[in-house]
Amino acid sequence: MEIDQLGDWRRTHYTIEVKPDLNGKDVVVLGWIRDIRDLGGIRFVILEDREGTIQITVIRGKSSKEVVERADSLLTQYSIGVKGTVKKTKMTPRGIEIIPHEIRILGVAEHPLPLDVTGRTPAEIDTRLNARVLDLRRDESRAVFRVEHVALETMRTFLSENGFIEVHTPRIIASATEGGAALFSVDYFGQAAFLAQSPQLYKEQLVVGFEKVFEIGPFFRAEESHTRRHLSEFISVDIEEAFATSTDVMKVLEELVHRVCKAVAEKCHRDLEILKYKIVVPEIPFKRLSYDTILKELEKDGISIPWGEDIPTPAFRTLGETHPYFYFITDWPTKSKAFYINPRTDNPEVSEGFDLMWQWVELASGGTRIHSKNLLIKRLKEQGLQPKSFQFHLEAFNYGMPPHAGWAIGLERLLMMLTGKKNIRDVVLFPRDRSRLTP
RNA sequence: GCCCUGGUAGUAUAGUCCGGUCUAGUAUAGGCGGCUGUCGCCCGCCCGACCCGGGUUCAAAUCCCGGCCAGGGCGCCA
């Protein structure tokens, strides 16, 4: 089918801005066809744009031949432009309709569509992700990403106001940053290279001089995970602060989370309504529970974990029932944390590392970092890592590395908390996981 | 990677346990026709599917084996 040109048509109003006081005025609306109801002599076309919907009413016999012909050839999901007169009416829920003078078909859609955009026939997440662009025509899918935008905007503002400057560290790196998580390898002009799993070492180096930095960006983990809360590519929100300890950065973290919850609750009414979800703005400070306390609580629930071991997921689920909102777990055993986490001076078995939990999900983790080069080398060896492969990182410790602390929060996990979504793939536009590389 | 469950029209489902009644039911989308105030419009007709390969059996959507894919869980983590 021939499609029309946009020509000199420009939107005069979003659908939501067309109100009864515009009665008799001409407007241009642009968007997609959500629904068509044809009663024979009269045809109702529901046009939807970013902000809402409006009814276009075509009356056979009254409308021009061209308009009727155009209206007859429409199918759902076509993108169209309509120039017409606003008419006040009691017969639509919005109290107005548009009587078109001209309809331009700007983009056609192939039918049958791979999923029902109106949501009457629900589609599974796999089907939706295969046709993600079409899925994003669904209000509920788009609402998630409007929430994400507000969350990001709030975080950037908050961190900037608090003296953090935004930085970008490399995604392509020469060696493992933390050990542990598997890395994706990359052919870098014939040299072995990897996709970064975290900005950890770089952000630490940057506190020399910048003192307070933050980074928001994607990182990569080549884990064969198959869960609702893991991705191969995820967005990490990282901070690092000089002359600070874990207690200082925990305050920054809880305040940030509080601010984000508040901003989303206040600014995203409509989206939260679409998502049928309510955000309870958490009170700060959050509970601070030591690893030892957690172990004792679990013991009471009949789960015993030997001191020093990591807490398995089913145990976290139990904890989530006891602590249904945000809480910190502090004083983790040194051996269960990454090599750069500072052991306590009074008891080196215990570290200054912490996790921020939301119910049973680990949202963020952080801690005071080791700033003594000798101790760092010792810890690297204890974790079975080669100090040689951290040569460039260790050199930064020759230039007056200050005491410092920081954390990283998983943006998608935070977004699950903000939207009530149970599968992390729902809060990523084009998720990457063990078995999904397209679209 | 391991464990569990599943795979039926474009989409979402019934049927699978207990093989034959399935020429595979329903809804929605799509096509055709009718309808001048719908708003999940309505009414009639039509199109369209048993994941792939092998096996058991007179007979397989249904039972068995292998593969692929999906969902959930575990480990690991953000």
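Since we're looking at a predicted model, the values are computed, not measured.
Between B:U11 and A:Asn130, no contact under 4.0 Å exists linking OP1 or OP2 to a side-chain N or O. OP1 or OP2 of B:A12 sits under 4.0 Å from a side-chain N or O of A:Thr127. When the side-chain nitrogen and oxygen atoms of A:Thr313 are compared with OP1 and OP2 of B:G75, one or more of them lie within a distance under 4.0 Å.
The pairing partner recorded for B:G20 is B:C58, the criterion being a Watson-Crick or G-U wobble arrangement whose two distances lie under 3.5 angstrom. As the counterpart of B:G25, B:U13 is assigned, both hydrogen-bonding distances of the Watson-Crick or G-U wobble pattern falling under 3.5 Å. Under the Watson-Crick or G-U wobble criterion, with both distances below 3.5 Å, B:G1 is paired with B:C74. With a cut-off of 3.5 Å on both pairing distances, the Watson-Crick or G-U wobble partner of B:C45 is B:G31. Pair assignment for B:U38: none, as no Watson-Crick or G-U wobble contacts are both less than 3.5 Å. Pairing of B:C69, defined by two Watson-Crick or G-U wobble distances under 3.5 Å, is identified with B:G6.
Taking atom C1' on both nucleotides, B:G72 is separated from B:G37 by 48 Å, rounded to a whole Å. Taking the P atoms as reference points, B:G53 lies 44 Å from B:G40, given to the whole Å. Rounded to a whole angstrom, the distance from the P atom of B:G34 to that of B:G15 is 39 Å. Nucleotides B:G71 and B:C63, compared at atom C1', are 24 Å apart to the nearest Å. B:C64 and B:C46: their P atoms are spaced 37 Å apart (whole Å). Only the C1' atoms considered, B:G25 is 25 Å distant from B:G33, to the nearest whole Å. Separation of the P atoms belonging to B:C47 and B:C32 is 15 Å when rounded to the nearest angstrom. Going from the C1' atom of B:U16 to that of B:G6 covers 12 Å, rounded to whole Å.
With rounding to whole Å, A:Arg128 atom CZ is found 20 Å from B:G10 atom P. One interatomic measurement links the two molecules: OH of A:Tyr78 to P of B:A29, which rounds to 16 Å at whole-angstrom precision. What separates CD of A:Gln77 from C1' of B:G30 is a distance of 15 Å, to the nearest Å. At whole-Å resolution of the value, CD in A:Glu124 and P in B:G10 are 15 Å apart. We find that CD of A:Gln200 is positioned 14 Å from C1' of B:C77, with the value rounded to whole Å. Here the P atom of nucleotide B:C77 and the CD1 atom of A:Ile341 are 13 Å apart, to the nearest Å. Atom-to-atom, CG of A:Leu115 to C1' of B:U11 comes out at 7 Å; the value is rounded to the nearest Å. Atoms CG (A:Asp310) and C1' (B:C74) sit 14 Å apart, rounded to a whole Å.
A ring-ring contact (aromatic ring centres under 6.0 Å, His included) with A:Phe354 holds for exactly one of A:Phe328, A:Trp407, A:Trp332; it is A:Phe328. For the side chain to side chain donor-acceptor pair (under 3.5 Å) with A:His404, the qualifying choice from A:Lys203, A:Lys212, A:Glu204 is A:Glu204, the only one to do so.
With hydrogens and angles disregarded, a donor-acceptor distance shorter than 3.5 Å links the side chain of A:Arg413 to the backbone of A:Glu362.
For A:Leu74 against A:Arg43, the heavy-atom pair with the smallest separation is O-NH1, 4.4 Å. Annotation for A:Thr12 and A:Glu17: closest pair O-OE1, 4.5 Å, computed over non-hydrogen atoms. The minimum heavy-atom distance linking A:Arg137 with A:Arg142 is given by the pair O-NH1, 3.1 Å. Here the closest non-hydrogen pair linking A:Ser64 and A:His101 is OG-O, 4.4 Å.
For A:Arg228, whose side chain is taken as the heavy atoms from C-beta onward, the closest listed nucleotide among B:G72, B:G30, B:A12 is B:G72. Comparing B:G10, B:G73, B:C77 by their nearest atom to the side chain of A:Arg413 picks out B:C77.
If you look at A:Phe158 and A:Phe164, their ring centroids are not closer than 6.0 Å.
Backbone-only contact: A:Leu363 has heavy atoms under 4.0 Å from sugar-phosphate atoms and none from a base. Counting any heavy atom pair closer than 4.0 Å across all strands shown, A:Ser236 reaches no nucleic acid atom. Contacts of A:Arg317 with the nucleic acid, taken as non-hydrogen atoms under 4.0 Å apart, involve only primed sugar atoms and P, OP1 or OP2. Backbone-only engagement by A:His111 is indicated by non-hydrogen atom pairs under 4.0 Å involving sugar-phosphate atoms exclusively. Within 4.0 Å (heavy atoms only), A:Arg434 reaches sugar-phosphate atoms of the nucleic acid but no base atom.
The base of B:C76 sits with one of its N or O atoms less than 3.5 Å from a complementary donor or acceptor on the side chain of A:His230. Judged by distance alone, with hydrogens and angles left aside, A:His226 brings no side-chain donor or acceptor close enough to the base of B:G73 to form a pair under 3.5 Å. Counting distance only, with no hydrogens placed and no angle test, the side-chain atoms of A:Glu223 and the base atoms of B:C77 include no donor-acceptor pair under 3.5 Å.
Taking the nucleotide of RNA chain B with the nearest heavy atom to each of A:Asp126 and A:Leu113, the more 5' of the two is matched to A:Leu113. Mapping A:Arg425 and A:Asp355 onto RNA chain B by nearest heavy atom places A:Arg425 at the nucleotide closer to the 5' end.
Using the six-membered ring where Trp is involved, A:Phe326 and A:Phe286 have ring planes that are parallel, under 30° apart on the 30 and 60° scheme.
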Annotated protein contacts, base or backbone, on nucleotides 34-41 of chain B with a non-hydrogen cut-off under 4.0 Å, one of B, S, - each: -BBBBBBB
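A search for ring pair (Phe, Tyr, Trp, His ring centres under 6.0 Å) contacts involving A:His13 returns nothing, not counting sequence neighbours.
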